[in-house]
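Not measured: the values here are computed from a predicted model. Chain letters run A, B, ... following the sequence lines, proteins first and then strands; every chain starts at 1.
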Amino acid sequence: MITPVDDFLAAAVRTATPLALAALGECITERGGVINIGLEGAIICGALAATIAAGTVGGPLGVTAGFTAGALAGVVVTLLFALFTVYLRADQIITGTAITLLSLGFTGLVYKTVYGTTGVGLTIPTIGDVPIPGLSQLPLVGRALFAQPVITYALYAIVPFLAWWFVRTHAGLALRATGESPDAALAAGIQPRTVQALAVLAGGAFAGVAGATLVLAQSGTFVEGMSAGKGFIAIAIVVLGRWTPLGVAGAALLFGGASALQYLFQSLGWREVPYQLFLALPYVLTLLVLARASARSQAPAALARRQLTVG
Amino acid sequence: GGEQTAATSDALRVALLTPGPISDQAWNGGAYEGLMAIRDSLGANVSHIQTKTPAEFEENFRQYGAQGYRMVVGHGFEFQDAAARVAPDYPGTIFICTSGDMLGPNLSGMNFAFEEASFQAGMIAARLSTSGVIGAIAGTELPPVRASFTAFERGAKLIRPDIRLLVAYLGTWDDVAAGKEQALALIARGADVVFQNADAAGLGIFAAAKEKNVLTFGANADQNEIAPDHIVGSIVINWPRVMLTVAREVQDSAYRGTLYQFGMRRNMVSLVLNPRFESRIPADLRAQVDSVGTAIVEGRFHDMDDILQPADRPARQNAP
Amino acid sequence: MDTPIAAPSLPVRVAVLRSPLAQAAALTALTLGVLVTLLLATGHDPGVALRALARGAFGSWYAFTSATLVRAVPLALTGLAVALAFRAGLLNIGAEGQLLAGAAATAAVLGAFTSVSAVIALPVALLVGMICGALWAGMAALLRQRFGVLEVISTIMLNYVALYLVGWLVRGPLQEPSRIYPQSEGLARAFQLPTLFTGTRLHVGLVLAVGLSTLAWWWLRSTAGGFRLRTVGMNPSAAFTIGRVNVSRVSVWAFLVSGALAGLAGAVELTGVTYALYESISPGYGYTAIAVALLARLNPLGVLGTAVLFGALQAGGNAMQRDAGVPIALVHVVEAIIILLVIAGDRLPATRAERSA
Amino acid sequence: MTASLALSLRGIHKQFGAVRALHDVTLAVRAGTVHALLGENGAGKSTLMRIAFGLVRADRGTVDVLGTTCAPPFTPSMAIAAGVGMVHQHFSLVSAMTVSENIALGSQGRYDPATVHAQVRRIGERTGLVLDPNARVSELPVSAQQRCEIVKALARDARILILDEPTAVLAPDEAQALLAWLRTFVAEHPSHAVVLITHKLRDALAMADDITVLRRGERVAAGVAHTFTEASLADAMLGPGERTHAVQQEVMPRVDAHTDSVGAHHNVITADAIDVRDPRNVLRVRGASFTVRAGEIVGVAAVEGSGQHELLRAVAGMLSIANGRLSAPSDIAFVPEDRHRDALLLDASLTENLALRDAGTRSGRMEWRTLATRTAALLTKRDVRARDAQVNARTLSGGNQQKFILARALDDAPPALIVENPTRGLDFRATADVHDALRDARDAGIAVLLYSSDLDEVLALADRVLALHNGVVHEVPRDRAIVGRAMLGAA
Ligand SMILES: Nc1ncnc2c1ncn2[C@@H]1O[C@H](COP(=O)(O)OP(=O)(O)OP(=O)(O)O)[C@@H](O)[C@H]1O
Ligand SMILES: Nc1ncnc2c1ncn2[C@@H]1O[C@H](COP(=O)(O)OP(=O)(O)OP(=O)(O)O)[C@@H](O)[C@H]1O
Ligand SMILES: [Mg+2]
Ligand SMILES: [Mg+2]
């Protein structure tokens with residue numbers, strides 16, 4: 001028996017999945033002291049790479065190929081970002097803006113070259129929901145949490161792992177130290193630049209997988225600009241989640257829930273209410289939650305430390 | 001982007017401005033297809049630009065006008081204010097705005113009676129629905145979208161008066177994931193036929209229909225092959241014909257500054273049924289749908305007269 | 001502590017500009033090289049495409065004024081808004097939403113003032129646009145002061161809310177009288193900002209942008225208020241401890257002024273260019289503004305220059321589509337590469353010098 | 001010979017842009033010794049040691065650690081691996097992380113807090129450097145941060161310990177304990193060595209086996225400690241003929257060097273049973289009553305964290321008082337202890353930094369030209385060494401920054417001046433200048449309230465002393481033993 005609540009919760013988790021992936025990656029990046037506004041670009045590149053790889057390989061293997069290609073594409077784009085921001089120490093925000101513009105254009109170009117004007121349609125292999133026997137029968141959360149695609153289950157492992165990794169490995173300590181004080185990290189024998197570059201690339205891989213998820217676990221197709229601002233939302237989610245993996249996962253779920261609520265409200269057929277009110281709901285809700293729980297103090301101290309000189 | 005063909009210097013020059021990407025296989029892609037037909041059939045020199053913001057419309061219209069383009073199509077109502085401002089300055093250029101109602105010596109609105117085919121789609125949807133709930137999703141609420149949804153609902157109610165239509169808007173035309181989620185939400189509320197007009201995001205709606213095994217319709221172009229088992233039919237604008245019709249008038253100097261109203265009457269808009277569904281549509285329904293179609297073509301059908309479509313009102317004249 | 005990580009780039013920079021000519025030449029060559037390769041690879045004649053880019057931006061009086069400068073006006077005003085906020089240490093990413101709020105308010109005022117003389121209506125409408133832009137920013141300021149909500153995130157959220165608000169307004173209270181099109185009624189001639197030169201679309205908004213940028217530059221440099229704002233941006237703790245500056249008051253005012261400038265951008269765009277409120281009135285000016293401001297090193301006068309640069313890029317991009325058949329996707333790639341090369345040109349010499357230190 | 005050298009730097013050259021930081025400097029640190037490295041602010045001490053630690057790359061010269069030459073690129077991680085530990089002048093701790101996380105920083109693999117806790121405890125037992133491993137560094141008093149830096153180095157088995165001005169932030173007793181421990185460190189491990197950078201000549205003479213003196217980037221003296229005297233060291237550091245009377249005072253400070261105030265007048269500051277809460281609403285000062293009169297210096301003696309920080313800020317009008325009555329002029333000048341964080345716009349010119357003083361109340365146009373003239377005059381008057389008024393504050397040395405800050409505070413003759421650790425990190429010449437400026441201010445009729453973590457500095461400057469313990473203020477006689485006891489809460 002599937003209730004509307006089940007559907008709503010399942011939609012919340014589905015919507016949260018790519019956001020959580022991208023935001024966890026950005027969380028790693030920001031913990032290293034870099035803010036990657038080019039996340040949107042990495043997502044769309046991941047989506048296209050996943051489309052091409054999965055479509056070319058085909059079948060269940062295609063899905064694996066798609067996720068791999070998505071991650072790789074995310075790494076390649078952010079490599080450019082890392083080159084500019086970590087190596088040249090260019091301003092992170094302008095560079096990120098340019099990278100996003102570049103990626104949106106580049107994917108459009110490649111898409112048209114590969115698929116012509118007819119597009120890819122719905123021919124890309126996708127991963128379906130894999131209900132976990134028993135667990136998926138649990139009341140309320142069963143379907144929402146345990147009848148999802150494998151990539152969502154991957155998050156169940158990634159989130160606690162990252163949370164553990166941040167505080168219980170020396171690499172995690174090094175990452176956090178770099179984001180807090182590159183000077184201190186350097187004095188402790190850490191190479192802050194290497195750490196930052198790796199953090200940026202890891203963020204790119206996650207964003208690429210998020211893009212692949214949009215294609216392979218959700219829509220089954222590619223559309224120009226289908227990232228549709230998810231990169232920016234992911235950055236907001238990192239702040240909302242106070243730079244901790246668990247917080248980020250919770251924030252993504254909150255935003256996913258607010259979006260699912262929006263979809264639900266519109267499906268109720270209240271035609272008197274302007275639909276824009278529903279569309280604004282996730283953003284308003286986020287603001288309200290933020291106002292309840294301030295996040296100011298948790299930001300990595302050296303985040304986005306600007307190389308900028310004021311003139 | 002538009003391709004430039006090597007044409008003689010006095011060749012017809014035609015430009016198209018679209019608000020979205022021509023890869024959407026729908027509204028924008030269709031118009032581009034029409035542009036290509038003009039190039040191929042009339043040997044015209046063509047140009048295309050994707051431009052979304054009103055600030056840029058006037059500049060592009062002027063540039064085309066100044067370069068001597070004979071016909072410039074702004075693809076959407078939002079282009080018409082800018083076109084109206086530019087048209088008087090370039091009398092040698094014909095400005096056409098789709099979904100518009102402005103009129104001038106060299107300015108025409110061009111409308112598609114999308115609602116006619118939508119009405120028919122609604123009739124079929126009502127019969128194919130077992131739940132008695134149907135849905136409709138669009139990118140944003142635009143005049144042709146609203147007219148089409150109203151007609152879809154009327155058509156459905158004609159067949160099944162107690163049917164319920166759930167309408168939702170995505171606020172975007174290219175977020176496929178949002179399209180899919182919204183469709184899933186409607187399906188979860190019982191909708192088993194989901195009508196759509198969401199351009200690129202519509203692909204997400206098709207994906208949801210496939211996944212949940214419900215029915216849907218294509219829009220703007222023949223999309224039946226995208227999800228052959230789930231798309232009942234597509235509301236197709238015959239873009240090559242539409243665009244060629246106007247372009248020929250321009251080329252032959254037969255343009256008279258009228259509002260173009262393209263509908264089922266000249267077979268410019270039609271409901272193209274997916275052959276796989278022919279057998280699933282009962283004969284009596286089929287007959288009923290066809291008779292509505294005939295009535296529309298013959299001008300005897302008045303159930304939609306009150307649905308505000310620009311062309312149904314006296315055309316606004318372009319103020320000098 | 002001066003480790004290689006946080007080395008201040010200021011003293012270093014001077015040593016760098018040693019042979020600006022050689023560096024500029026090398027960079028231009030690199031830019032052109034990448035662009036040409038890319039265009040060739042996609043089957044476009046680089047000569048035709050780049051000529052179109054240049055012509056579309058600077059090729060004629062009309063192109064320069066009506067394409068490049070018309071775009072530069074909202075970019076300069078929002079860029080100025082961002083620059084002022086950043087100068088005060090506030091990461092206002094919300095110029096886009098504030099612009100929309102300003103445009104909507106202006107449309108509302110002019111819609112209601114149909115029988116009022118334009119001499120009164122127009123200034124009042126612009127003013128109300130500024131006030132509403134300021135109020136929209138004020139929400140982020142309030143959230144920051146009262147609840148400690150980082151403005152980076154609240155302004156992003158408010159941008160989306162503004163977008164949907166405008167979407168509703170143009171279908172509701174501000175919809176044109178026939179109630180068909182999701183847009184407000186077109187402005188009467190008298191309510192349109194006058195153009196600066198006949199035959200162009202360049203409107204007096206440019207004068208406002210230049211005037212306000214100059215004013216802001218002078219104000220930051222030469223007045224106590226401007227200095228106070230800069231002290232808060234440079235070191236709020238020292239501003240409070242030594243200067244006894246009321247840091248939160250300065251922050252709130254900076255936020256409001258920033259919002260007002262972005263609101264004015266919307267008001268000017270509406271009255272000077274689009275003449276009606278549309279959902280899509282801004283192609284993301286408020287986001288581009290961040291790059292405009294940062295590239296200008298947050299200097300209000302520099303913002304004018306970078307706004308023209310970005311305006312030219314966009315104008316030229318349109319021309320590349322129109323006249324050279326370059327698809328918009330490729331246009332975006334070209335624009336992004338040019339921006340990246342400008343950044344590289346800005347940083348490369350400095351980086352080399354820092355490394356040798 | 002080489003074998004007995006723990007650390008050896010030879011022929012080191014380093015140029016920063018136009019500044020010649022080090023020129024052909026050699027430093028030989030014998031195993032089993034404490035080696036003091038002396039020099040004025042900006043002499044190149046930190047740079048030299050940062051080179052030894054791999055943080056700065058020398059333009060020329062070689063670094064040998066325990067007999068092995070370190071080939072470039074020599075990095076901190078290589079230095080750490082080679083057995084070098086450095087306690088930096090400006091701490092290099094991550095304040096958002098815990099003590100044990102900071103100590104673990106830089107290793108590989110899993111991080112097990114329990115192991116590190118045990119290690120911290122072991123080191124604490126061995127050395128007396130006791131720390132709470134779970135505490136966040138940002139919540140530790142500076143002395144504990146200092147301990148944390150040292151424990152961090154020891155936890156990695158540092159055999160050569162470099163300490164850059166470790167006593168600058170410590171109370172005298174803490175400093176003495178630390179120095180004593182350094183002696184045991186080398187005594188217990190004959191192969192180990194300590195390099196100690198300090199501005200206190202007495203400490204160097206008392207604790208070090210060897211001394212090296214730098215002046216303007218060059219080694220001007222080196223040898224066994226007992227071959228030096230305070231006077232000869234001062235001469236070496238300053239250069240011939242630079243030892244003025246004021247400097248002499250600082251080199252060999254005696255409490256009886258105190259010059260009494262010309263005569264105190266009316267009360268400028270009157271506190272009547274005031275309570276002060278910190279921004280987290282913790283009660284830090286309880287029922288404090290005292291006065292500061294025009295023309296006197298009132299010194300506050302306290303151990304770190306007793307509430308002096310809040311007390312000074314409340315009097316300066318930057319923290320509101322929770323209870324009681326405080327009467328103080330509104331235009332009090334305040335010199336905070338953390339110059340970079342609280343007192344300077346590092347990337348703005350000195351003129352702008354001067355204008356910062358009344359940025360909050362100023363209106364209208366900024367008279368930059370007038371301000372620049374005033375700044376230039378101030379630089380000359382107070383002997384602040386800066387190229388001109390337009391250079392950024394960052395380019396001044398710490399001593400000159402501090403002199404500038406004090407000059408700015410006194411510029412428009414405020415009725416009262418509050419200073420907090422005014423000479424932290426300054427060499428004796430700069431310290432002498434600062435002390436002179438404070439006495440001049442007093443003699444000009446300004447009411448001065450002074451806190452220093454260095455009790456000797458309080459005793460040398462103050463006309464009256466307030467002992468602060470756990471938020472409670474008592475006025476006590478100016479006697480070192482009595483004040484010392486009162487600071488610790490003993491009556
Ligand atoms: N990162 C840097 N960039 C430029 N110049 C520097 C830098 N670090 C040090 N210097 C220069 O090197 C000289 C030596 O500085 P250093 O910090 O080694 O002095 P110090 O002896 O440690 O002084 P103090 O006693 O104040 O700590 C300074 O005068 C300064 O001019
Ligand atoms: N960015 C810089 N550019 C030029 N010179 C610098 C720079 N940073 C530091 N210096 C030089 O470094 C010298 C001393 O710097 P340093 O920070 O070691 O001073 P300090 O006396 O140790 O100050 P503090 O007591 O605050 O540590 C100054 O003389 C200054 O000229
Ligand atoms: Mg030093
Ligand atoms: Mg120092």
Undergrad: Crowded around Phe106(A) CZ? As in, over 12 foreign heavy atoms under 6.0 Å?
TA: no

Undergrad: Before you tell me yes or no, could you show the steps for Arg271(A) and Glu153(B) under salt bridge (charged side-chain N to carboxylate O under 4.0 Å, His left out), namely the whole-Å CA-CA distance, both residues' side-chain angles and the distance that decides it to 0.1 Å?
TA: CA-CA 14 Å; Arg271(A) 293 213 208 162; Glu153(B) 186 172 26; 3.1 Å; yes

Undergrad: Counting heavy-atom pairs under 4.5 Å to chain B, which of Thr126(A), Thr221(A), Val223(A) comes out on top?
TA: Val223(A)

Undergrad: For Ser219(A) and Ala207(B), work out which heavy atoms get closest and say how close.
TA: O-CB, 3.3 Å

Undergrad: Tell me the residues of residues 208-218 of chain A whose non-hydrogen atoms fall below 4.5 Å from those of chain B, in number order.
TA: Leu214(A), Ala217(A), Gln218(A)

Undergrad: If you compare all heavy atoms of Ser267(A) against all heavy atoms of Arg189(B), which two are closest, and at what distance to 0.1 Å?
TA: OG-CG, 3.0 Å

Undergrad: Might you confirm whether atom CZ of Arg160(B) has over 12 heavy atoms from other residues, nucleotides or ligands at distances under 6.0 Å?
TA: yes

Undergrad: Side chain, backbone, both or neither: which part of Leu122(A) has a non-hydrogen atom closer than 4.5 Å to chain B?
TA: both

Undergrad: Which heavy atom in Glu224(A) sits nearest to a heavy atom in Ser23(B), and how many Å separate them?
TA: OE2-OG, 2.8 Å

Undergrad: Please rank Leu165(B), Asp24(B), Thr140(B), Val133(B) by heavy-atom pairs under 4.5 Å with chain A and give me the top one.
TA: Leu165(B)

Undergrad: Please examine the side chains of Leu203(B) and Met226(A), heavy atoms only from C-beta on, and report whether any two atoms are closer than 4.5 Å.
TA: no

Undergrad: Anything in residues 215-237 of chain B with a heavy-atom distance to chain A below 4.5 Å? Please list those residues in order.
TA: Ile226(B), Ala227(B)

Undergrad: Just how far is it from atom CD1 of Ile22(B) to atom NZ of Lys112(A), taken to the nearest 0.5 Å?
TA: 4.5 Å

Undergrad: Would you please go through residues 170-182 of chain B and name the residues with a non-hydrogen atom below 4.5 Å from one of chain A, in numerical order?
TA: Leu170(B), Gly171(B), Asp174(B), Asp175(B), Val176(B), Ala177(B), Ala178(B), Lys180(B), Glu181(B), Gln182(B)

Undergrad: If the contact rule is any heavy atom under 4.5 Å from chain B, which residues of residues 253-264 of chain A qualify, in numerical order?
TA: Gln262(A), Tyr263(A), Leu264(A)

